[in-house]
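The block underneath contains the structure these notes are about, expressed in structure tokens.
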2 protein chains.
Amino acid sequence: MTATDIAIVGVGKIARDQHIPSIAADPGFTLAATVSRSGGVDGTENHETLDALLEARPDIPAVSLCMPPVPRYEAARAAIAAGRHVMLEKPPGATVAEVFALERLAREAGVTLFATWHSRHAAGVAAAKDWLADKNIRRLRVDWKEDVRKWHPGQAWIWEPGGLGVFDPGINALSIVTEIMPVPLHLSAAELSFPENRDTPIAADLTFAGPGDIDATATFDWRQEGGEIWQIEIETDAGTLKLTEGGDRLFIDGAEQEVANAGEYPELYRRFAHLIDTGASDVDPAPLIHVADAFLLGRRIVTAPFHD
Amino acid sequence: MTATDIAIVGVGKIARDQHIPSIAADPGFTLAATVSRSGGVDGTENHETLDALLEARPDIPAVSLCMPPVPRYEAARAAIAAGRHVMLEKPPGATVAEVFALERLAREAGVTLFATWHSRHAAGVAAAKDWLADKNIRRLRVDWKEDVRKWHPGQAWIWEPGGLGVFDPGINALSIVTEIMPVPLHLSAAELSFPENRDTPIAADLTFAGPGDIDATATFDWRQEGGEIWQIEIETDAGTLKLTEGGDRLFIDGAEQEVANAGEYPELYRRFAHLIDTGASDVDPAPLIHVADAFLLGRRIVTAPFHD
């Protein structure tokens with residue numbers, strides 16, 4: 001197999017921590033260039049803008065977009081128009097409509113579009129999905145709680161309209177839920193808590209309904225102190241499944257299951273290579289749809305101001 | 001052609017004004033029963049609940065759901081599970097996710113699901129779509145302004161979370177725009193004006209982007225007095241198109257075009273009959289996606305309290 005040349009667009013924390021090491025370890029890809037206004041990575045060709053990269057390097061067939069969600073549509077559109085395969089960090093867009101628009105553009109251009117949800121590749125998720133596939137679900141509890149000061153220090157954009165607030169981590173939980181649940185859920189009620197000085201919620205309580213009798217709720221909270229809780233518990237007619245630590249550990253009726261994979265981001269690149277090889281795309285807007293539905297349907301509660 | 005027996009579920013103003021007369025005039029359908037807690041229609045068999053109808057009349061193959069959006073999912077689910085073809089008033093659900101869930105349930109059950117957008121059948125819409133199909137769009141202006149006191153007197157649910165507020169009429173404009181525009185748009189910015197004593201917006205300013213350079217905005221306002229404005233103006237490289245009166249009148253470069261059809265609701269039933277005949281469904285969540293995106297991305301502005 002020849003390695004595919006790939007460019008990283010947006011060299012921030014997530015690119016340095018995850019994308020660049022994952023590409024370096026993957027025989028399917030070679031990091032051929034970066035796009036960054038702040039200099040890129042030592043020893044790798046860098047371009048100031050995506051347009052400059054697309055013009056200078058028509059030989060690079062794939063790009064991975066790691067910038068914040070709001071400018072992502074325009075970058076993806078330009079890369080698709082230039083005939084490149086595109087991988088998108090989560091969430092795949094600032095709106096649901098632009099995700100469908102990009103899917104259509106990629107299909108018309110005959111390129112691969114991969115809208116990633118990294119938490120779906122946490123070690124326990126695939127086994128959880130397999131185990132749940134033939135079960136009847138009675139109850140779902142999602143607890144996704146972390147300290148925003150620890151995980152998003154000084155990030156002003158998360159509090160701006162479109163910044164998602166606590167749904168920025170919460171969408172990771174929703175990406176797992178929409179992957180592993182054998183039946184589709186939809187939001188039936190939501191309460192969103194907005195700090196009185198902010199435009200996005202710091203906490204959310206969600207209630208879901210499904211095609212059968214199911215008791216399904218999720219609590220997202222950014223005011224958690226003393227350690228994160230990222231867990232999903234699902235009670236079925238044949239026992240209880242629990243994913244903890246963001247999906248990395250899996251328990252069935254309290255007994256931990258052996259699960260392992262290459263890691264979330266290495267798995268993403270492995271899948272991107274497979275999609276390119278097979279001429280396929282993978283674009284699932286379901287997690288973002290639940291978030292948009294929460295804003296559409298949710299009751300707004302004003303809470304104490306938040307200061308970094 | 002044999003007429004298909006159909007039941008109306010929810011006998012409110014829209015059922016009496018539109019659905020029942022349209023069915024009466026359509027040789028493809030016979031109104032066989034109604035579901036209403038308040039007695040239904042003179043001379044037509046009535047059931048207190050949908051479950052009672054489904055059990056008593058397995059011979060009625062189609063139902064038309066005319067109740068408010070929030071209980072609509074559960075009614076549609078039950079009707080689909082009972083093997084009936086289902087027509088939904090707009091919007092097709094209280095959330096985007098439930099529209100996709102219903103589409104899946106209908107597909108699995110092998111029945112027809114028709115999520116209607118009545119404004120798409122206004123007299124000028126089909127001709128507008130044809131005319132725009134090969135044009136390059138430069139500019140889109142939507143003005144959808146009416147007096148909420150005139151059109152929704154005392155309707156408390158429109159001001160509750162999930163009640164959509166000014167998007168209840170605005171989604172009609174969005175249903176036309178998504179039908180006639182030859183390229184997909186997505187929201188890039190929004191300002192939503194909430195009366196300080198209400199949970200849904202009384203006005204909205206939306207800005208859209210698309211795959212090319214397009215200047216696209218929409219203004220919805222419920223504070224309009226002295227007559228409604230329901231118009232869409234689209235400037236292209238080959239002239240300007242204008243739809244007025246909710247889509248019933250069409251102008252190209254100022255010259256009114258001759259357009260006519262059977263009327264919005266008669267056209268809906270004609271289409272429902274065709275979908276049943278051909279074993280097809282028609283479920284387009286695009287207008288509701290734009291509304292959810294507006295809540296997701298929109299900046300909230302607090303305005304003067306609103307009292308009926």
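For clarity, every value in this text was computed on a predicted model and none was experimentally measured. Lettering of chains follows the sequences in order, A, B, ..., and the numbering in each one begins at 1.
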Contact list (residues 290-308 of chain B to chain A, heavy-atom gap under 4.5 Å, by number) returns His290(B), Val291(B), Ala292(B), Asp293(B), Phe295(B), Leu296(B), Leu297(B), Gly298(B), Arg299(B), Arg300(B)
In Å and rounded to the nearest 0.5 Å, what is the CZ to CD1 distance from Arg138(B) to Ile214(B)?
11.5 Å
Look at the side chain of Asp237(A) and the backbone N and O of Asn136(A), then say whether any donor-acceptor pair between them is shorter than 3.5 Å.
yes
Closest heavy-atom pair and its distance - Val63(B), Ala79(B)
CG2-CB, 3.8 Å
Does Ser119(B) offer a backbone N or O that forms a donor-acceptor pair with the side chain of Asn172(B) under 3.5 Å?
no
Heavy-atom contact with chain B under 4.5 Å, split by part of Ile289(A):
side chain
Residues Trp159(A) and Gln155(A): closest non-hydrogen pair is CD1-O, 3.8 Å
Can you tell me if Arg120(A) uses its side chain to pair, donor with acceptor, with the backbone of Ser175(A) under 3.5 Å?
yes
Heavy-atom pair with the smallest gap, counting every atom of Pro287(A) and Thr178(A)
CG-OG1, 3.6 Å
Answer yes or no: is there a donor N or O on one side and an acceptor on the other, between the side chain of Thr236(A) and the main chain of Ile137(A), under 3.5 Å?
no
If you draw a 6.0 Å radius around CG in Asp134(A), do more than 12 non-hydrogen atoms from other residues or ligands fall strictly inside?
yes
Where along residues 196-212 of chain B does a heavy atom come under 4.5 Å of chain A, listed by residue number?
Asp199(B), Gly210(B), Pro211(B)
Euclidean distance, Tyr73(B) OH relative to Ile80(B) CD1, rounded to 0.5 Å:
8.5 Å
Give, for atom CD1 of Ile232(B) and atom CH2 of Trp144(B), the distance between the pair rounded to the nearest 0.5 Å.
4.5 Å
Are there over 12 heavy-atom neighbours, none belonging to Asp213(A), within less than 6.0 Å of that residue's CG?
no
Under a 4.5 Å heavy-atom criterion, the part of residues 81-111 of chain A in contact with chain B comprises Ala94(A), Thr95(A), Val96(A), Ala97(A), Glu98(A), Phe100(A), Ala101(A), Arg104(A), Leu105(A)
Please report the C-alpha distance between Arg141(A) and Asp215(A) in whole Å, then the side-chain angles of each, then the deciding distance to 0.1 Å, and finally whether the salt bridge (charged side-chain N to carboxylate O under 4.0 Å, His left out) criterion is met.
CA-CA 8 Å; Arg141(A) 286 287 173 273; Asp215(A) 166 14; 3.0 Å; yes
Under 4.5 Å from any heavy atom of chain A, what part of Glu160(B) do you find: side chain, backbone, both or neither?
side chain
Closest contact, heavy atoms only, Leu243(B) versus Gly247(B):
CD2-O, 3.8 Å
Of Arg77(A), His186(A), Glu74(A), the largest count of non-hydrogen pairs under 4.5 angstrom with chain B goes to His186(A)
Close side-chain approach of Trp151(B) to Ile158(B), heavy-atom, < 4.5 Å
no
side-chain contact (heavy atoms from CB on, under 4.5 Å) between Val142(B) and Phe220(B), intermediate numbers included
CA-CA 8 Å; Val142(B) 178; Phe220(B) 303 155; 4.1 Å; yes
With rounding to the nearest 0.5 angstrom, report the CG to NZ distance, Leu132(A) to Lys135(A).
7.0 Å
Looking only at heavy atoms, which of residues 161-169 of chain A get nearer than 4.5 Å to chain B?
Pro161(A), Gly162(A), Leu164(A)
Compare every heavy atom of Pro195(A) with every heavy atom of Ser193(A), then report the nearest pair and how far apart it is.
O-CD, 3.8 Å
